[in-house]
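Notes to accompany the following structure.
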Amino acid sequence: MRTPKLLTAVLLLNIVPTVCAQSTAGAAPQHHLLPVPASVRIEPGRLPIDKSFTVAVTQHRDARLLRGVARALLRLKARTGVEFSHEIKKDAAAATFTIQVSGPGEAVQSIAENESYSLRVAAQQATLKAATVVGALRGLETFLQLVERDASGAFLPLADIADQPRFPWRGLLIDVCRHWQPVEVIKRNLDAMAAVKLNVFHWHLSADQGFRIESRRFPKLHEFGSDGLYYTQEQVRDVVAYARDRGIRVVPEFDMPGHSTSWFVGDARYATAPGPYAIIREFGVFDATFDPTREEVYRFLDKFIGEMKSLFPDAYWHIGGDEVKSKQWDSSPAIAAFKKRRGLKDNEALQAWFNQRLSRILQKHNKRMVGWDEIFHSDLPKDTVVQSWRGQKSLGEGAKQGFHGILSAGYYLDAMQTSAFHYAVDPLPASSDLDPAAAGRILGGEVCMWGELITPENIDSRIWPRSAAIAERLWSPRSVADVSDMYRRLGRVSLQLEEVGLRHLSGPDAMLRRLAGTSDIEPLRELLRLVEPLSLGQRQRARRATQLTPLTTLGDIASPDAPARRDFSALVGAFLLDSSRDPGKRQALSREFQRWRELAAEIARLAASSPQLQDAAGVAATLTELAATGEEAVSFIGEGKTPPDGWTAAKLALLDRAAAPQGLVRFAVIPALRELVTSAGGSHPAAP
Ligand code: ACM
């Protein structure tokens, strides 16, 4: 879906991140909490977690809360290796950890749900207090993140935390249409969302490439639109209940009037053109559109929504509304006549007409409408939520006109940007010109995991841990913006996310073993520290993938935000800053380049034995050149020599070539190498 070129432009032009290098104040003991709580004080001292550890839930005790506590205890036991009682006592007196919750919270979680909690860890006892079960669930995650270990055992640092979210809408969209994602993938991602306090699962259930939910009233939808890959209604109920157990709302998206081919494969009556239609295997924007001029279309949508609403208790309903192609509407004389009759001057006005009809149907079913930027129109009810994917500007404009908004521009994971990039994107930046009333209409943001390039095998490593950085942006105060501190905490949280079932760290190894046909994958693992997957746009230009393409190559396995992007930059930075020319820093870089050369040779050998690894041969050749370039730059700088004429220009040109896609990956080390080459080309103090 989407126009990657436009998206890239939006990302580059509208929201160039401002990386704020504010340092952590004072010398208070460090914590690893992510998101950082609204208020947190860590004090010297500890509360040990040993065999005598017990937990009590003393006031409100409902099944949802007790399940949440039981899950937390299992994770605590696995993490600490301590065998303690599973009994959830009622009496605080003897408990190490007391949980006091005032009541259940809302029967259907809304954007107004109270998610606040306080957590006090004293030397004898920890106490978690919350008004609602959801608040307690948030506090339990903080409790688990606080756990530390050292040679003397597991413990909590003494702490005083009072916490609440900055934004009420903190979402993750998963597109299950372009590639199918079974229930277990959704569930483990819900667990991961809860671990970082995300609270809306946006389930993108229909697109040109798939209609992914069972309709009993209109069974041709899933029978013809899904290749048999759809959720039964029982599975949907199960997922919605699973999400509620974790304090997560589920907002379904049924994209219309465009992106709608799969609806019409079994029955084309409601489409603008008669068809026939087939499930689309390509990615992009296609012709199929609902016909907005016929009453039976609205009768159908009324019945469809009437059926589906029993599965989705949330107050909000996403109608999509993005990227409507005009071809079918423009070639229909009936539509031309309709537009003329109603005074609708263009297709945008026609879509606005459609949305108003849809909005009335949703109102009848007690649902509030959410849609992408394109639905924005002054005639819609003011409780409509505009989800902004085309830029932050439209979010602000909507809010000024009285609409609620959520930001997704800048949170597109398929752009394969770094965590730091996404972290810098703020739904309400300090520079915002919105007055307090309009600012209050910005409900938050949503991470978008579009489905073109994801399978159940690699989806976790695209979503995580980057989404945790965005989760912090949406939960924590705006002033929490220290990028290196975020990465420090993200590293820890990333490990913990595998405790809840994610495979973002372990999954790539299994894929590499299959790719290489051997368990000797160490060289490939090392290579994946240096390279990243291509953005969706780059990938489609390099080698166009469809729904039928196996997503099993290096580029599908490599993770965004490769470790070397920061590790190698740090080595280069330390070397360049070191005016005393400490030989240790030079040696560290030389060792790195030497390793690249060896690696290149090992990869070339592996590539020769696997047809699927052919790309790797080219990557290895480039890596050899990069190693040589780095080596030369380091010796010029280290020896205080000026490179010969033309060296710098030639090497920068080489780096430009190396920055382009190599097969289906790109090198993450180019910016730091560029810095090295540019510095070598300048003047240097001679080595002592
Ligand atoms: C979108 O990316 N078309 C919402």
Side-chain angles (χ1 to χ4, degrees), residues 1-15 169 171-179 200-210 212 251-263 280 282-290 316-327 347-348 351 354-355 358 369-377 384-395 398 403 405-417 422 425 427 444-454 462-463 467 470 535-540 545 547:
M1 121 181 291
R2 293 139 314 116
T3 23
K5 237 194 234 143
L6 170 64
L7 175 66
T8 309
V10 166
L11 289 172
L12 291 176
L13 297 177
N14 273 11
I15 38 172
W169 191 307
L172 168 65
L173 172 153
I174 299 182
D175 165 13
V176 297
C177 303
R178 291 170 178 82
H179 282 94
V200 181
F201 169 44
H202 174 160
W203 206 350
H204 186 83
L205 284 163
S206 75
D208 297 293
Q209 297 83 354
R212 301 290 183 204
V251 176
E253 177 179 349
F254 294 98
D255 203 348
M256 57 186 71
H259 285 299
S260 51
T261 309
S262 66
W263 297 72
I280 306 262
E282 307 277 320
F283 305 130
V285 180
F286 301 91
D287 295 343
T289 44
F290 279 92
Y316 289 86
W317 192 276
H318 204 301
I319 62 143
D322 55 319
E323 299 180 309
V324 184
K325 212 166 160 184
S326 56
K327 185 173 162 194
N347 287 339
E348 274 171 34
Q351 188 181 353
F354 176 77
N355 289 341
L358 211 47
M369 191 159 102
V370 192
W372 299 104
D373 299 53
E374 290 93 325
I375 70 158
F376 178 58
H377 192 277
T384 301
V385 178
V386 177
Q387 180 166 10
S388 175
W389 72 283
R390 297 200 295 196
Q392 206 147 6
K393 196 156 155 263
S394 61
L395 186 72
F403 292 97
I406 48 184
L407 182 67
S408 282
Y411 300 143
Y412 267 43
L413 297 175
D414 58 13
M416 300 293 185
Q417 296 278 4
H422 296 300
V425 177
E446 273 191 10
V447 184
C448 289
M449 184 71 265
W450 293 106
E452 284 88 343
L453 299 177
I454 51 172
R462 274 80 189 102
I463 301 180
S467 295
I470 303 171
S535 71
L536 175 61
Q538 286 178 318
R539 159 80 181 231
Q540 292 302 68
Q547 198 178 46

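Remember, it's 1-based here, ligands and their atoms both numbered in the order they're listed.
- By the 3.5 Å distance cut-off applied to N or O atoms, D322 is counted among the residues near ligand 1.
- Which parts of ligand 1 touch Y412 is read off a 4.0 Å heavy-atom cut-off, strictly below it: atoms 1 (C), 2 (O), 4 (C).
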**Asked** Passes side chain to side chain donor-acceptor pair (under 3.5 Å), W169 versus Q387? Steps please.
**Response** CA-CA 11 Å; W169 191 307; Q387 180 166 10; over 6 Å; no

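- Atom-to-atom distance recorded for W389:CH2 and S408:OG is 11.0 Å, nearest 0.5 angstrom.
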**Asked** Hey, mind stepping through W450 and F283 against ring-ring contact (aromatic ring centres under 6.0 Å, His included) and telling me if it holds?
**Response** CA-CA 11 Å; W450 293 106; F283 305 130; over 10 Å; no

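- The backbone N or O of R178 lies less than 3.5 Å from a partner atom in the side chain of Q547, making a donor-acceptor pair.
- Residue-to-ligand polar distances place E323 within reach of ligand 1: an N/O pair is separated by less than 3.5 Å.
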